[in-house]
*Asks:* 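Once you've had a glance at the structure underneath, I'll fire off some questions.
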Amino acid sequence: MNFNFNVAELLFALPELFLLFAISLILLFDLFVSQRLKQFTYYLTQLALLITGFLAFNLIGENATIFSGTFVLDSLGSTFKVFILGFAIIALVYTRHYLKAHELLRNEYFILAMMSILGMMVMVSGHSLLTLYLGLEIMSLSLYALIATARDRASAIEAALKYFVLGAIASGLLLYGMSMIYGISGSLDISQISSFASASTLSSQQTLILNFGLVFLVIGIAFKLGAVPFHMWVPDVYQGSPTSVTMFLSTVPKIAAIALLIRLLIDGLGELQHYWADLFMILAVLSIAIGSLVALTQTNIKRMLAYSTISHIGFVLLGFVTGVVDGYGAAVFYVLAYILMSLAAFGSIIVLNRKGFEADQISDFQGLSKHSPWFALIMLVVMLSMAGVPPFIGFYSKLFILQQVVAEGYVILAITAVIFAVISAYYYLQIIKTMYFDDVDKEILVSAPLDMKVVLSINGILILVVGLMPSFWMELSVSLF
């Protein structure tokens with residue numbers, strides 16, 4: 001493969017190049033400045049992400065394939081990058097309070113977060129098996145280290161090791177699938193793989209090898225999303241990680257995982273949709289069922305939200321089962337809605353954190369409505385939205401998915417999803433009941449800084465506001481394809 005490129009191509013990769021430059025600069029800044037000035041690393045990180053987001057936003061509408069076909073610039077990639085950076089900025093606002101409260105504030109945390117975001121951006125624009133895998137590893141290795149930043153917590157080290165070992169196995173399986181696809185197609189380029197897979201002259205042996213590689217790709221993607229039966233890392237890692245890392249893990253990387261799915265399976269192996277859709281159907285039903293049922297028994301709210309995430313991923317996969325653009329758009333809309341809700345949910349947990357108190361048990365929310373009515377109301381909105389109650393965004397995200405599933409004739413599948421969605425409402429209502437109807441003899445302190453309270457409030461309000469105009473966001477999601 002010839003990797004020649006011209007200087008003009010660098011402009012299309014400006015967001016990634018700027019972020020890489022900013023990471024290097026902040027690393028040097030942190031190395032040479034005094035301890036008093038190191039507190040500005042957080043602000044430099046947010047500024048770098050903001051500028052990168054602005055650069056990515058300005059590239060929306062541009063279309064180009066650069067760096068010898070390994071990197072693609074399109075509306076889907078640029079839009080995903082803007083959402084990745086926007087959600088990351090919100091997550092880091094919540095993160096700073098948590099790290100300060102538990103004396104974990106180290107500047108390498110923000111540098112690792114930026115490195116993982118860089119990996120996500122490379123994944124989103126990857127147009128080669130090599131580029132996609134490179135982005136995946138940059139993201140994954142940064143996340144492994146991020147979990148272990150709480151070096152004095154045995155639970156965090158255990159979570160990091162579990163995620164690392166299982167993640168390495170999943171990455172190996174994904175790479176094996178890629179090697180099979182490369183071996184039979186003779187190309188790393190997504191477009192050329194697509195042309196090969198759609199050729200009418202494929203022999204039965206070539207089709208068999210393609211399907212064999214496809215299975216391993218689906219396994220790797222399912223692991224990154226946390227779909228059943230490749231979900232075993234999700235509850236343990238969510239519970240063992242510092243809450244700020246759990247929040248980051250459960251939100252921003254999901255966009256990158258969906259981008260990986262789209263690049264590999266829709267752009268690359270779209271002609272085999274009838275094969276991978278059947279696999280996704282099984283994964284979706286298992287994820288919705290097991291996620292909804294096991295969450296009922298949880299007392300740790302982080303673990304409960306982990307199983308809730310697994311259930312939500314099942315709904316996302318239903319959108320890809322449909323095999324139509326509207327279904328893919330509904331899946332993207334669901335992911336973005338879920339991330340908005342998840343940020344607010346973990347933000348509501350973090351806002352109650354203080355030194356020596358994690359607020360990670362459901363019982364820790366007892367009587368919250370009496371001590372902090374506003375943040376109890378935000379948590380109420382989040383839980384109702386996750387349960388799929390109108391007029392919140394969570395209702396419309398489920399509705400759009402189910403509409404597409406029914407339209408493609410999967411009526412029984414839709415009914416099954418609705419039944420488990422009703423069951424899952426119990427554990428969301430349990431938290432509401434704990435906040436509003438359970439008495440508590442201890443005072444609940446909300447000691448978060450003003451910037452976090454403001455951002456969390458806006459986050460909660462957006463869940464309602466976006467729910468009042470869902471069609472615009474659904475049309476935006478569909479237009480990306």
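Source: prediction; values computed, not measured. We're numbering straight along the sequence, starting at 1.
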*Asks:* My understanding is that only one of Ser311, Ser424, Ser308 makes a side chain to side chain donor-acceptor pair (under 3.5 Å) with Ser292; could you say which?
*Replies:* Ser311

*Asks:* Step by step, would you call Lys81 with Thr52 a side chain to side chain contact (heavy atoms under 4.5 Å, CB included)?
*Replies:* CA-CA 9 Å; Lys81 288 173 194 175; Thr52 307; over 6 Å; no

*Asks:* Does the side chain to side chain contact (heavy atoms under 4.5 Å, CB included) test come out yes or no for Met121 and Leu85, once each step is laid out?
*Replies:* CA-CA 9 Å; Met121 293 174 70; Leu85 292 158; 4.3 Å; yes

*Asks:* Does the side chain to side chain contact (heavy atoms under 4.5 Å, CB included) test come out yes or no for Ile288 and His312, once each step is laid out?
*Replies:* CA-CA 7 Å; Ile288 294 171; His312 286 300; over 6 Å; no

*Asks:* Is there side-chain contact between Leu129 and Leu264, with at least one heavy-atom pair below 4.5 Å?
*Replies:* yes

*Asks:* Please check if the distance between the ring centroids of Phe333 and Trp473 is under 6.0 Å.
*Replies:* no

*Asks:* Quick one: closest heavy-atom pair of Asn459 and Leu340, and the distance?
*Replies:* ND2-O, 3.2 Å

*Asks:* Look up atom OG in Ser397 and atom CZ in Phe392, then write down how far apart they are to the nearest 0.5 Å.
*Replies:* 13.0 Å

*Asks:* Measure centre to centre between the rings of Phe216 and Phe212, then say whether the value is under 6.0 Å.
*Replies:* yes

*Asks:* Does Tyr182 have more than 12 heavy atoms from other residues, nucleotides or ligands lying within 6.0 Å of its OH?
*Replies:* no

*Asks:* Could you walk me through whether Tyr338 and Thr309 satisfy the side-chain hydrogen bond (donor to acceptor under 3.5 Å, both in side chains) test, starting with their C-alpha distance in whole Å, then the side-chain angles of each, then the deciding distance to 0.1 Å, before giving a yes or no?
*Replies:* CA-CA 9 Å; Tyr338 159 75; Thr309 297; 2.6 Å; yes

*Asks:* Does CZ belonging to Phe57 count more than 12 external heavy atoms closer than 6.0 Å?
*Replies:* no

*Asks:* Do Trp276 and Phe320 have ring centres separated by under 6.0 Å?
*Replies:* no

*Asks:* Taking atom CD1 of Ile147 and atom OG of Ser142, what is their separation to the nearest 0.5 Å?
*Replies:* 11.5 Å

